[in-house]
Protein chains: 2
Amino acid sequence: MSELNNRRLEIDALRVLWAVRNHGGITRASEALGLSQSAVSHKIKRLETSLDCDILSRKPGASMFTAAGEDLLDYAERILGLHDEALLSLTKTAIAGRISLGLTEDTTCTDLARILGRFRRLHPQVSVRTKVRMSLVLRAMLERGELDAAIVQVFAHEVRPTDILLFREKLHWVRNGDFVVPQEGPVPFLSFDDACFYRTWALDIAQDGDLLLETVFECSSAAGIVAAVISGLGVALLNERHLRPDMVIVTRQLPVPPDLAYVVRRSRKVRNPALDTLVAEIENEISRYGGLTLAS
Amino acid sequence: MSELNNRRLEIDALRVLWAVRNHGGITRASEALGLSQSAVSHKIKRLETSLDCDILSRKPGASMFTAAGEDLLDYAERILGLHDEALLSLTKTAIAGRISLGLTEDTTCTDLARILGRFRRLHPQVSVRTKVRMSLVLRAMLERGELDAAIVQVFAHEVRPTDILLFREKLHWVRNGDFVVPQEGPVPFLSFDDACFYRTWALDIAQDGDLLLETVFECSSAAGIVAAVISGLGVALLNERHLRPDMVIVTRQLPVPPDLAYVVRRSRKVRNPALDTLVAEIENEISRYGGLTLAS
DNA sequence: ATGACCTGATCGAAATTTGTCATGTGCCGA
DNA sequence: TCGGCACATGACAAATTTCGATCAGGTCAT
């Protein structure tokens, strides 16, 4: 009965495909989706059989997807977007209100952007005001009640029970391949800002240990730090996504940095039904995909 | 395991939903889809259960769909459109060429329009030139090789083996509720045009029988005929889709008109790979939905 | 080279989903 | 009130999907 003619795509299969790309591999995707590895492998296999064409290239070194696969992914993304929006629209209860939301630079180009865009479309009566600041600043604004909620970075061990975990990421000391960390004397440190909590951690640790860090560069955007590292100005604390092939991770001489977590943290303010909905949509997305992905 | 939370739509279910609307009922949809009535009923039921909301209203008199159902249909249409396009794009082989296509007025606002639009998108290298004419004119153009193919109306008994049947439709004599068909003397006839084959049939039949038709109104567009009928100018031959509640179907005194068929008819010209592809896509659509639907 | 190790493919068995047949129910027109 | 029609429902069979276990192929550090 599985005629070649009877070709159809299933939402599930497309979602799997999408997860495979975004998590980079079948095994990882299966974990995120809460399925066994073989189930995911089978699903893709079936998809390939029913379409009578290869989707994953299985060639080491090459891109994981074939041209047809990339093509299909493109459609998958659009179809899934519509699908999820359709689901949400069914449960929508005309909400109105105002949300003041904080974001970090890093989260502006993740799935969050997609979710926010969809939220606006589904709930035009809600005005969403967004501010992009550094995590420490956002936390302070939350405390002062200037924001209803914010997506901030915190150290993994600082996640509160009320936080909603979006994803984790590793933090690394990095340097240029040519740059040599001085055995003695101060280590040149490239820092985001006064308000960067990486830096706070680094300086604290340095004091405890027998390490001297000298902040030789400050820039509040990641692009600047990346450039400074590549130029060999010193060492910096960067999260995984900013690593470049020409950067080297420093493991000796410097203390191991803690893991990072991206969380949605709400202010302690009174009820905000619009925010409740937005947060619910985010949680929904997380449970569906087993966390959000960094790459948009 | 079938949690309420695990909400997802399946392409199949959406397609069923769509068929239910376009064929006007579960039983009809099941025939078109080649499934049993209970299968369709079950599918919709499952969809409702998994979404935890009603989709069909089941109230006699009211619209078949609930508000949520209408909402969902809207998304279904978009999702299915993307889905089908994705499938086609996987098999596409960059084709180029030129197609000269004829359409009747009636087919411009059916699924054909959607298919043509998609075809243009998928094959930008193919130039599609479309002419809208009356069926008889199109047939003549086909004969003369001025068109590569045309979607024309023919009487059901005139369908050729090489034609691709899109859908059938009934033809009726209609009049205004107030208008009385004269027992004797000529019957005032509202005709499309000289080139209208309804009219040719009517006049032929009239000659054979003992009936006199007098063409009192001519207009090449359906809207004009409809208006003339409503104004009580006479009787006309109209296909089902143009019937209006205030029109009366005349069954006595006039001969029963034959059924109509809409077909794709190709010219006898040489190979045209672009046209082959377009025709294949149309056939594909037909087999998937069990014929095309009239309403866009 | 070798062995630990990771990723994905494959197989049989179990669980779940989906479709069919047979039958029940409610509504409408004669 | 009786068929007839359109849909709902239940039981069951068929198909699909998933899982656990195992296997094959590759990478990497020694």
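Side-chain atoms are counted along with the backbone in the values below, which use heavy atoms only and exclude waters and symmetry mates. Below, chains carry the letters A, B, ... as their sequence lines are ordered, and counting in each starts from 1. Everything quoted here is computed from the prediction, not taken from an experiment.
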(message) Using a strict threshold of under 4.0 Å (side-chain N to carboxylate O), is an ion pair present between A:Arg118 and A:Glu285?
(response)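 Result for this pair is yes, salt bridge flagged.
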Item checked: Ion pair check, B:Glu10 and B:Arg46, cut-off under 4.0 Å ->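 Salt bridge between B:Glu10 and B:Arg46, a charged N being under 4.0 Å from a carboxylate O: no.
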Length of the line joining [X]:[atom1] and [N]:[atom2], which is rounded to integer Å:
X: B:Ile44; N: C:dT18; atom1: CD1; atom2: P; value: 14 Å
X: A:Leu47; N: D:dT16; atom1: CG; atom2: P; value: 15 Å
X: B:His23; N: D:dA6; atom1: NE2; atom2: C1'; value: 16 Å
X: B:Arg15; N: C:dT18; atom1: CZ; atom2: P; value: 15 Å
X: B:Arg8; N: C:dT18; atom1: CZ; atom2: C1'; value: 12 Å
X: B:Asp12; N: C:dT18; atom1: CG; atom2: C1'; value: 10 Å

### Message
Roughly what angle, to 10°, lies between the helix axis at the start of the helix from C:dA1-D:dT30 to C:dA30-D:dT1 and the one at its end, five pairs per end?
### Response
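The angle separating the two end axes equals 30°.
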Between A:Pro188 and A:Phe179, what is the shortest heavy-atom contact and its length?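 For A:Pro188 and A:Phe179, the tightest heavy-atom pair comes out as CG-CZ, 3.6 Å.
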Between the side chain of [X] and the main-chain N/O of [Y], is any donor-acceptor distance below 3.5 Å?
X: B:Glu48; Y: B:Ile55; result: yes
X: B:His83; Y: A:Leu9; result: yes
X: A:Asn176; Y: A:Ile230; result: yes

- Is there a donor and acceptor pair closer than 3.5 Å between the side chain of B:Ser38 and the base of C:dG19?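 Between C:dG19 and B:Ser38, which were checked side chain against base, a qualifying N/O pair under 3.5 Å is absent.
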**Asked** Side chain of A:His42, base of D:dT16: donor and acceptor closer than 3.5 Å?
**Response**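 Flag unset: no donor-acceptor pair detected.
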inquiry  = Any base atoms under 4.0 Å from B:Leu56, or only sugar-phosphate, or nothing? Heavy atoms, all strands.
reply    =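 Since no nucleic acid heavy atom lies under 4.0 Å of B:Leu56, the category is nothing.
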- How would you label the contact of B:Glu48 with the nucleic acid (heavy atoms, under 4.0 Å): base, sugar-phosphate, or nothing?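 Result for B:Glu48 = nothing.
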Side-chain N or O of [X] less than 4.0 angstrom from OP1 or OP2 on [N]?
X: A:Lys45; N: C:dA9; answer: no
X: B:Lys43; N: C:dG19; answer: yes
X: A:Arg46; N: D:dA15; answer: no

Anything under 3.5 Å between a protein N or O and an N or O of nucleotides 4-8 of chain C, put it in a table, one pair a line.
residue: C:dG8; atom: OP1; partner: A:Ile26; partner atom: N; Å: 3.1
residue: C:dG8; atom: OP2; partner: A:Ile26; partner atom: N; Å: 3.1
residue: C:dG8; atom: OP2; partner: A:Thr27; partner atom: N; Å: 2.7
residue: C:dG8; atom: OP2; partner: A:Thr27; partner atom: OG1; Å: 2.8

- Query: Can you find a pair of side-chain heavy atoms, one from B:Leu171 and one from B:Phe155, that are under 4.5 Å apart?
  - Reply: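 In contact.
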- prompt: Is the closest side-chain heavy-atom distance between A:Leu237 and A:Trp173 below 4.5 Å?
  reply: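 Side chain of A:Leu237 against side chain of A:Trp173, heavy atoms only: contact under 4.5 Å found.
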Next on the checklist: Quick check for you: to the nearest 0.5 Å, what is the distance between A:Leu56 atom CG and A:Lys45 atom NZ?
Outcome noted: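 Between A:Leu56 CG and A:Lys45 NZ, I get 9.5 Å after rounding to 0.5 Å.
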